[in-house]
Amino acid sequence: MMLTALGLMSGTSLDGVDVALIETDGKQVKAFGPSGYRPYSPAERNLLRQALSEAVHLSQREARPGILAEAERAVTLAHAEAVAAFIAQNRMKPEDIDIVGFHGQTVLHRPERRLTVQIGDAPALAKAIHIPVMHDFRAADVEAGGQGAPFVPVYHRALANSLEREGPIVVVNIGGVSNITYIDGNDTLIACDTGPGNALLDDFMYRTMNQAFDTEGKFAALGKADEAWIARALELPFFASPPPKSLDRNDFAALKLGDVLPADGAATLTAFTAAAIARIISLLPRRPRSWIVCGGGARNLTMLRMLRERVGTATVEAAEALGWASDAIEAQAFGFLAARGLKGLPLSYPATTGVPMPMTGGVIARP
């Protein structure tokens, strides 16, 4: 049975809430619907940055001390507003949507402690929007010993299989953190985080230029990357570890560039992201033939160029070039995962998160 599923995603880059509608049975996508976006205000973004700092000390998933309770209310309200605006803009009614997939905002991800925390009050959201909400997708995986990330690979596979091109294909999502899905037919699905995405670069741009991000990579294009610094950074043990593996947004925050010109710093951090993605090639079963880039990094033309320079003869293309809605893919994925969760289908696998067996997940909150 096909379901009309609305996916919501608020990523580690802290930019806002993506909304996307798909029609799916949890195995294939019958149709893509419209998508939308509700940006976080500067005040909301600052609140979330404070929440990230405070969340470092959490030891219990449900605890919301200090600023975290305020941040959770803000996240829930932002998502409710995003859904209301989407429904109004597309002349829909709540009853037109079967299920909402609500990821929430990750403030802490420590799978080695079997702890992952996404803030957002799903029961309150369900009541506000009058639609059942599937949430808490990662908890079951982490509790079973998995990495709890990345969770989009099953959706990447559904998209890649529709291309009918020869594999291996790698789908790269460059958000705050970068992750890859390696697809080689129906049988081989491998996924992991590869290293920084836009988080280090965005934080650097905010500190040095008071800009939220480097638009199209234009600033990095003016600078010169410090390849020696990148080589040293790539010596961190994480990069030699085989998949599956995952990261917290702030895992590389301790890396310091030193006294550099802003353009050179931006170039170095952009190249670091590209180099970290390319570093995964030696850890995959076969060398990929094509790389498809989605997420915010797909709009960074300098990052795409730097990735092309590091992956040899393989093709590198933005997801948009294939007709995929790059900005909406993660939101679409959580609509897809909600449909899979409703049907008890696996959301994660041993080769995607390291979980001992294929795991379903998600919890339903009803209006």
Side-chain angles (χ1 to χ4, degrees), residues 8-18 38-82 102-125 128 133 135-143 146-151 175-179 193 195-208 210-213 236 238 246-256 269 296 330 334 363 365:
L8 307 175
M9 184 62 194
S10 174
T12 49
S13 51
L14 308 180
D15 57 339
V17 180
D18 290 309
R38 192 275 195 194
Y40 285 135
S41 68
E44 288 168 336
R45 200 173 289 129
N46 284 336
L47 179 62
L48 291 175
R49 288 181 190 277
Q50 291 176 56
L52 284 168
S53 298
E54 290 203 13
V56 171
H57 307 294
L58 285 177
S59 58
Q60 294 179 315
R61 292 188 64 245
E62 305 303 328
R64 299 291 184 266
I67 205 80
L68 282 161
E70 184 184 345
E72 182 160 72
R73 286 191 294 272
V75 164
T76 307
L77 179 60
H79 281 74
E81 289 176 355
F102 173 42
H103 176 265
Q105 182 71 55
T106 298
V107 293
L108 185 71
H109 186 66
R110 287 284 177 259
E112 71 281 1
R113 289 163 44 198
R114 300 205 173 188
L115 183 64
T116 185
V117 182
Q118 287 76 40
I119 58 173
D121 185 337
L125 178 62
V133 172
H135 65 110
D136 213 7
F137 290 93
R138 301 183 191 274
D141 183 278
V142 170
E143 285 170 15
Q147 291 284 314
F151 253 57
V177 168
S178 293
N179 58 62
D193 288 346
N198 300 313
L200 288 181
L201 176 61
D202 289 352
D203 290 349
F204 178 80
M205 292 297 294
Y206 183 72
R207 279 196 316 272
T208 60
N210 199 30
Q211 293 179 20
F213 55 91
L236 288 167
F238 173 84
S246 69
L247 291 165
D248 182 81
R249 182 190 189 280
N250 291 325
D251 276 348
F252 297 103
L255 289 174
K256 303 299 180 191
L269 293 175
E330 278 203 290
F334 278 92
V363 178

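Values reported hereafter were calculated over all heavy atoms of this structure, with side chains retained and with hydrogens, waters and symmetry mates removed.
- Once rounded to the nearest 0.5 Å, the distance linking OG1 of Thr116 with CD of Gln147 reads 10.5 Å.
- For the pair Pro196/Ser178, no side-chain contact is recorded, criterion being any heavy-atom separation below 4.5 Å from C-beta on.
- For Glu54, there are no side-chain hydrogen bond (donor to acceptor under 3.5 Å, both in side chains) partners, not counting sequence neighbours.
- A 4.5 Å side-chain heavy-atom check between Asp15 and Phe213 finds every atom pair outside the cut-off.
- Under the 3.5 Å distance criterion, the side-chain polar atoms of Asn250 are left unmatched by any main-chain donor or acceptor of Ala253.
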TODO: I would like to know whether Arg38 and Glu81 meet salt bridge (Lys or Arg N to Asp or Glu O under 4.0 Å); could you show each step before the answer?
DONE: CA-CA 8 Å; Arg38 192 275 195 194; Glu81 289 176 355; 2.6 Å; yes
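- Distance check, rounded to the nearest 0.5 Å: CG of Asp121 to NE2 of His135 gives 8.5 Å.
- Looking at every heavy atom in both residues, Ala82 comes nearest to Val17 through CB-CG1, 3.9 Å.
- For Gly120 against Val75, the heavy-atom pair with the smallest separation is CA-CG1, 4.2 Å.
- Taking the ring axis of Tyr206 as reference, the NZ or CZ atom of Arg49 stays within 45° of it and closer than 6.0 Å to the ring centre.
- When atom types are taken as modelled, the side chain of Arg45 and the backbone of Tyr40 share a donor-acceptor pair closer than 3.5 angstrom.
- Here the CZ atom belonging to Phe151 is positioned 12.0 Å from the CG atom belonging to Asn179, to the nearest 0.5 angstrom.
- Applying the side chain to side chain donor-acceptor pair (under 3.5 Å) test between His103 and each of Arg138, His79, Gln118 identifies Arg138 as the sole match.
- Residues Asp193 and Ser246 come closest through the heavy atom pair OD2-CA, 3.2 Å.
- Arg113 is not listed as a side-chain neighbour of Pro111, based on a closest heavy-atom distance of 4.5 Å or more.
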Task: Stepwise side chain to side chain contact (heavy atoms under 4.5 Å, CB included) check, Leu68 with Val107 - done: CA-CA 9 Å; Leu68 282 161; Val107 293; 4.2 Å; yes
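- Residues Phe334 and Phe137 bring their aromatic ring centres within 6.0 Å.
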TODO: Go through the steps for Arg64 and Val117 under the test side chain to side chain contact (heavy atoms under 4.5 Å, CB included), then give the verdict.
DONE: CA-CA 10 Å; Arg64 299 291 184 266; Val117 182; 3.8 Å; yes
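- The minimum heavy-atom distance linking Ala74 with Leu47 is given by the pair CB-CD2, 3.7 Å.
- Residues Leu115 and Leu108 have side chains in contact (heavy-atom distance under 4.5 Å, counting atoms from C-beta outward).
- Judged as a salt bridge (charged side-chain N to carboxylate O under 4.0 Å, His left out), and not counting sequence neighbours, Glu62 has no contacts.
- The heavy-atom pair separating Gly11 from Gln105 by the smallest distance is O-NE2, 2.9 Å.
- The CG atom of Leu48 sits 10.0 Å away from the CD atom of Glu70 when rounded to the nearest 0.5 Å.
- For the atom pair CD (Glu72) and CG (Leu77), the distance works out to 12.5 Å, reported to the nearest 0.5 Å.
- Taking the charged nitrogens against the carboxylate oxygens, Arg207 and Asp202 have no contact shorter than 4.0 Å, which rules out a salt bridge.
- Side chain of Asp141 to backbone of Gly148: a donor-acceptor contact under 3.5 angstrom is found.
- Between Leu8 atom CG and Leu125 atom CG the span is 6.5 Å, to the nearest 0.5 Å.
- Residues passing the salt bridge (charged side-chain N to carboxylate O under 4.0 Å, His left out) test with Asp136, sequence neighbours excluded: Arg61.
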Open item on the list: Assess the residue pair Asp251 and Val177 against the criterion (side chain to side chain contact (heavy atoms under 4.5 Å, CB included)); give the C-alpha distance rounded to whole Å, side-chain angles, the decisive distance to 0.1 Å, and a yes or no.
Closed with: CA-CA 10 Å; Asp251 276 348; Val177 168; over 6 Å; no
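- Residue-environment remark: CD (Gln60) stays at or below the threshold of 12 foreign heavy atoms within 6.0 Å.
- Between Gly296 and Asn198, the shortest heavy-atom contact is C-ND2, 3.9 Å.
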